[in-house]
Amino acid sequence: MRITSHGAAGEVTGSCHLLEVGRKRILVDCGLFQGNEGDYTRNAAPFAFDPRSIDAVVVTHCHLDHIGRLPLLAKAGYVGPIYATQEAREIGRLILMDAAHVMLEEYLGRKRKAARQGREVEPPPYGVDDVMMTVDLFQRPVTYGSPVSLGDGVSFTLRNAGHILGSAFVEIEEKRGGGRTIATMSGDLGYRGRAVMPDPVAPSECDFIAVESTYGDRPHRPVAESRDEFANAVKEALASGGNVIIPSFALERSQDVLYYLHEMWEAGDLPSDVRIYLDSPLAIGITRAYERHLKALNPKLVAGLDRGEEPFEFPGVQFTSTAEESRAINRFESGSIIIAGSGMVNGGRVLHHLRHNLWRPNCSVIFVGYQARGTLGRLIVDGANMVRIFGEEIAVRASVHTINGLSAHADRQGIVDWLRGSGKAHVHLIHGEPNALETLAAAVRSELGREVTIAEPLVPYEIRPVE
Ligand code: ZN
């Protein structure tokens, strides 16, 4: 067995790994590069392998940095199967369609601007048609714990990674000459003790385990602390008599936020006439997927179902799909909690809500996710007095709260503890920035006494059975 990582070492996007197992070539994830200059070129560049030579694609989960280049793979001639859980298939379709629409809008904007300067621009890397072609390749859904045979003594099993709905880590097994070798790919690993997702299950004993290292260099605070801080920020914000804006990512964070509000509702911590808007068509679509698969969520949430609880659509919650419904939210000057994208405030409906509320001292903005440098969200978090929205200067007078620790990723200790289940497996670190990779490597060596390597892009690593 041999693994080659295509662009996911030293960074946390563009996850894509080629495993050569006997005569089979298996691709685990095919993600988009995001968040850095030059990503457009990297995403549009041809693959370093021949897409037609791949026998199967296995998807760990449907964040864009794990599936965003699948349409490019299909466009480049891949016609084989794509395997994922049922939940991941449903979310994948929504995420890829949305990505194609966002790319098209960006392109039309750039094109108009370039035309005025007499220039031409590159078309988007893929469109809706390519996404349709990709979605057609999704196979019969894979169930956690049920092996799927790829022939020639090669099979794989998905197990619940507890990261987002439908997320999995993959155990790939090769049987040859009476022996067997198992290689495990972590995908993204969840953080233990979260509200909506269950904890990740332990890996089986294996020979090789590639593990994500996003937060390999730091601890998270306990989830309960962040939930309390969030609840207090909401109560304080509503008490000041204005509206509350929560910029949020559509996948996973919006469902977490709705569920924390649900807990507040059940505890009697929200006014009985509160209006909570989920104002994002993508987040609404994804929340409906969560609602179709409630039994797959955290056992505590599932227990609430038996008591008749509605974890995401409890009284007061409204899903606003159309632009008209979204605009209508602005007629209320107080008592609304508005969850809208984009999570980093660099586009989306949250912009028009901020234009209406950011300058009003009795309103509040609660950030629940990381704000990258260069985004409007980051400017507000960093204390700007004035920001530009739709070409207009808007004063920042609303109170601004930042809730850290609502991460969907395991922290350093979480990763190390998860690795214990893998027996004596060789540990191969992927999907992390340089400092996270180095720090995690040191922790795995000292705490588990394992051999550790750090993936280098495009450099194959030979997987050998442990003695
Ligand atoms: Zn992820």
Side-chain angles (χ1 to χ4, degrees), residues 5-17 27-36 39 43 57-70 82 84-85 87-96 98-99 144 158-170 184-192 194 196-201 210-216 218 220 223 248-257 282-283 286 289-290 293 296-297 341-344 368-370 372 405-412 414-415 418 429-433 436-437 440 455:
S5 293
H6 288 261
E11 51 190 313
V12 293
T13 70
S15 192
C16 183
H17 309 273
L27 202 63
V28 176
D29 290 341
C30 193
L32 208 63
F33 295 103
Q34 292 175 290
N36 287 303
D39 283 348
N43 286 325
V57 176
V58 182
V59 164
T60 62
H61 69 287
C62 286
H63 274 137
L64 213 47
D65 62 329
H66 289 257
I67 60 163
R69 277 189 294 161
L70 284 177
I82 300 177
T85 61
E87 297 89 330
R89 285 159 28 122
E90 292 174 27
I91 292 174
R93 169 191 284 268
L94 295 168
I95 291 284
L96 290 174
D98 182 73
Y144 293 126
L158 298 185
R159 300 196 190 277
N160 199 334
H163 172 59
I164 60 170
L165 181 66
S167 68
F169 61 90
V170 195
T184 299
M185 305 289 300
S186 76
D188 284 352
L189 275 186
Y191 183 40
R192 294 180 75 85
R194 287 160 71 216
V196 174
M197 292 313 300
D199 292 343
V201 304
V211 68
E212 68 126 331
S213 317
T214 314
Y215 291 103
R218 68 196 95 158
H220 293 328
V223 178
S248 184
F249 299 102
L251 173 51
E252 192 274 325
R253 196 60 45 91
S254 290
Q255 292 77 41
D256 271 352
V257 165
L282 181 60
I286 291 168
Y290 273 66
H293 299 285
L297 301 177
S342 71
M344 296 193 197
V368 291
Y370 174 70
L406 295 177
S407 177
H409 286 267
D411 62 358
R412 183 182 58 218
I415 298 168
W418 182 78
L429 302 186
I430 53 173
H431 207 62
E433 287 175 357
L437 292 163
L440 181 61

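Whatever order the structure lists ligands and atoms in, that order sets their numbers, starting from 1.
Evaluation of the side-chain contact (heavy atoms from CB on, under 4.5 Å) rule for S167 yields H61, N160, A161, H163, I164 as partners, not counting sequence neighbours. Take R412 and apply the side-chain hydrogen bond (donor to acceptor under 3.5 Å, both in side chains) test, not counting sequence neighbours, and it matches no residue. In terms of the salt bridge (charged side-chain N to carboxylate O under 4.0 Å, His left out) criterion, residue partners of R192 (sequence neighbours excluded) are, by chain and number, D199.
Aromatic pair H66/H431: centroids less than 6.0 angstrom apart.
Here the CD1-CD1 distance, from I95 to I67, works out to 6.5 Å after rounding to the nearest 0.5 Å.
The number of protein N, O or S atoms lying under 2.8 Å from the Zn ion (ligand 1) is 4.
Annotation: side chain of M197 is not in contact with side chain of Y191 (no heavy-atom distance under 4.5 Å).
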